[in-house]
Engineer: 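Input: one structure, supplied below.
Values in this document were obtained by computation on a predicted structure and should not be read as measured data.
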Amino acid sequence: MKNQNIIQNSPDAIYTCDQKGFIKSYNKAAVNLWGREPVVGKDLWCGSWKIFDKNGGHLPVDQHPMAIALREGRLVHGEELIVQRPDGSMRYVSPYSSPLVNAEGHLTGVVSMMIEVSEQKNRERLSEEKYRNLIEQAADGIFLFDLKGDFVSVNTSGAKMLGYDIESLLQLNIIHILPLQFIDKMPLRMATLNDGHPLLVERIYKRKDGSLFYAEVRAQMVLGGNIQAIVRDITERKKAEAALKESEIFNKSVLTSISSHIAVVEENGEIISVNKAWENFSTKGGECLLKRTGVGTNYIEVCKKSVSNGEILAAKALDGFYKVMNGELPIFEMEYPCDLQNEKSWFLLRITKFADNSPKVVMMHIDISARVKAAATMRQALERYDMLAKATSDTIWDWDITQNRIRYNNGITQMFGYEIDEIENLEDWWKKNIHPADLPAVSAALEKIFSNKAQNFQIEYRFRCENGTYKYVFDRASVIFDDNEKPVRMIGAMQDITDRKKTEQDFRMMKRALMNQKVEEQKKITRAILNAQEKERRHMGEELHDNINQMLAGTKLYLSVAGNGNAQLKEALQYPIQLIDETMTEIRLLTKRSVTPKQNVNLKELLQTLVDTMFKSTAIKTCFVYKIVNECLEDELKLNIYRILQEQTNNIMKHACAANVNIAVKANNNVINIMVTDDGNGFDTSKKREGIGISNIINRVESFNGEVVIESAPGNGCKLLIKIPY
């Protein structure tokens, strides 16, 4: 009956099997562990849905701890096992299996206890993932080499920085990455490192392809006599004076499994029952502060005797026993040291009351030596983490997504001016300080990372400083997911890239300014060419009018006189004289179109002349609208407007076969608006044209910073729209 109480009220899973391995009995903790009620006499060795070894491989039946205990007739403390429940969730356990014998000494079955260590394993896994991700996520090269210069380890960024794969780099010595001129020189000041001081230097290194790059090296001696170097490529900073600062967090912790020794103690302190592990420990007689004794011994008396000898831990344990027994505490735990076979060990004393509220307690002594050692290792890893976090000027952050809290290192103060104790450690504070224009992109990137179950995250955005200004940052992070693939933590580093961004912006502005300057110079050249053409036209017109026309007039006079004495000759000369008259008329028309006033140009009169000429010389119906105050335009602009419309009307008369033409010239808000439409043949604007008329129009308009739009299609006429600022 007492043993049944032990089994049923134990917080750990306890069950028994018969000689063939079929389950005979089990407690509530076993059902809770397995997630199901086993079938007595049918389920073999274990009541779990499935069971795997510690590496996740299928566990053969004959390798189950209970099978070994039954086969070999001995206590088996098996390696960790993984129990799968029907819902698919996994539980990590540390098994103890012991053979059962009857009064005659015959083997009757096996009793097994499984200590669940799932929480411990999950913390261990998350810690290992965090450490591994931090190393691999680091943008800086992280190297470890011995005193001879041989590489011991390197992260992915370090190998990529030097142009090698990791395996190849680990075959090399540091001399292989030094430029030829530095081979005979020490890459680091060893005296400083040997004194225990960190070293910060800048060096030039050689990649696999022979190219060189500047690097900032933070080096220090580490345990084992090796040298750790954090290397950052600062080539761009050397070129553009942009500080490229990046480092990552290191952290590693190892937590191991635990074991339990169980005893049931009455209210008066009498030990009424113990399990095999407790008996084995007591039999060995380990030297420890709290002596463990067998059934029939009074635990209270033993503790009081130890207290009288000045043992503080015994007093603490006795106080915990009373508080649990009296209902003041639901559970009491105490860690204490114990020497076993000249080896320092640690145990956790856990006292819990029976589930049926009977005046008894269950005492468990759990071996936590591995956990204590792992904690020491974790402290060393955390010290490395703190040392690296202090060594970088980047802002290191750790986002606990489940608790919605973010922790920062001192980089948040150095980079943005915020005091850590003033920050609301919430996700909302971080998002509130992202530039409003960048927040949608950052939020979308986070959503994508979480939905795709991606482990790496990087993005550029602007982050507000304490003084209200913004800095550009390059944010790179690693995401950790739980067993259900839900994001539980992000660890990252924010790097200030403001100087780099400013350099890029300055370069773009300079390039744009040079382009604008080139365009303006081209416009000036175009206008100079147009002015020269205008002068040449005026000169040719004046020559035709003043010289050629006068010569033709003289020729006409002489021909008229030559025929006065001869009627037949005079008749013959009538046609040449008529040709001379027509030529003089054409010259006058050509002169009028070519010669324009040098100043005080009357644009309206010039344009009206164009319209009248079109009306008189063709059957085209014209409509002309002019709404500009002449005095508001310079003569150079007026003449170019005239030439533009002259070019377009010539195009219409020669090629359009139009019946109607509308011309409108208006000024509004310091912009000249010109529209010329016709209902002629039209043309395909996408095809290359043989003439230069349209090109001349475009050049003239653009030389005055204007815009030209041509709308036309075969059979649909043409619309010319022009805007020129003045």
Engineer: Taking only residues two or more places apart in sequence or in another chain, which ones pass side chain to side chain donor-acceptor pair (under 3.5 Å) with Asp87?
Structural biologist: Ser89
Engineer: Indicate the ring-plane relationship of Trp429 and Tyr418, choosing parallel, tilted or perpendicular according to the 30° and 60° boundaries.
Structural biologist: perpendicular
Engineer: Listed by chain and number, what are the salt bridge (charged side-chain N to carboxylate O under 4.0 Å, His left out) partners of Glu328, not counting sequence neighbours?
Structural biologist: none
Engineer: Looking at residues at least two apart in the chain, or sitting in another chain, which of them share a side chain to side chain contact (heavy atoms under 4.5 Å, CB included) with Glu167?
Structural biologist: Asp165
Engineer: The criterion is salt bridge (charged side-chain N to carboxylate O under 4.0 Å, His left out); which residues satisfy it with Lys54, sequence neighbours excluded?
Structural biologist: Glu79
Engineer: Among residues at least two apart in sequence or on other chains, which ones pass side chain to side chain contact (heavy atoms under 4.5 Å, CB included) with Gln19?
Structural biologist: none
Engineer: Per the salt bridge (charged side-chain N to carboxylate O under 4.0 Å, His left out) rule, what does the pair list look like for residues 93-109, sequence neighbours excluded?
Structural biologist: none
Engineer: Side chain to side chain contact (heavy atoms under 4.5 Å, CB included) with Ile300: which residues, sequence neighbours excluded?
Structural biologist: Asn298, Lys304, Leu318, Phe321, Tyr322
Engineer: I'd like to check the side chain to side chain donor-acceptor pair (under 3.5 Å) partners of Asp146; sequence neighbours left out, ordered by chain and number.
Structural biologist: none
Engineer: In chain order, what residues pass the salt bridge (charged side-chain N to carboxylate O under 4.0 Å, His left out) check against Glu485, with sequence neighbours excluded?
Structural biologist: none
Engineer: Mind checking what makes side chain to side chain donor-acceptor pair (under 3.5 Å) contact with Asp43, not counting sequence neighbours?
Structural biologist: Arg36
Engineer: Run the side chain to side chain contact (heavy atoms under 4.5 Å, CB included) test against Ile449 and tell me which residues pass, sequence neighbours left out.
Structural biologist: Ala454, Phe457, Val479
Engineer: Taking all atoms of both residues into account, what is the closest heavy-atom pair of Pro11 and Met364, and its distance?
Structural biologist: CG-CE, 3.3 Å
Engineer: Could you tell me which residues satisfy side chain to side chain donor-acceptor pair (under 3.5 Å) with Asp319, sequence neighbours excluded, listed by chain and number?
Structural biologist: Lys323
Engineer: Considering all heavy atoms of both residues, which atom of Ala159 and which atom of Ile166 are nearest to each other, and what is their separation?
Structural biologist: CB-CG1, 3.7 Å
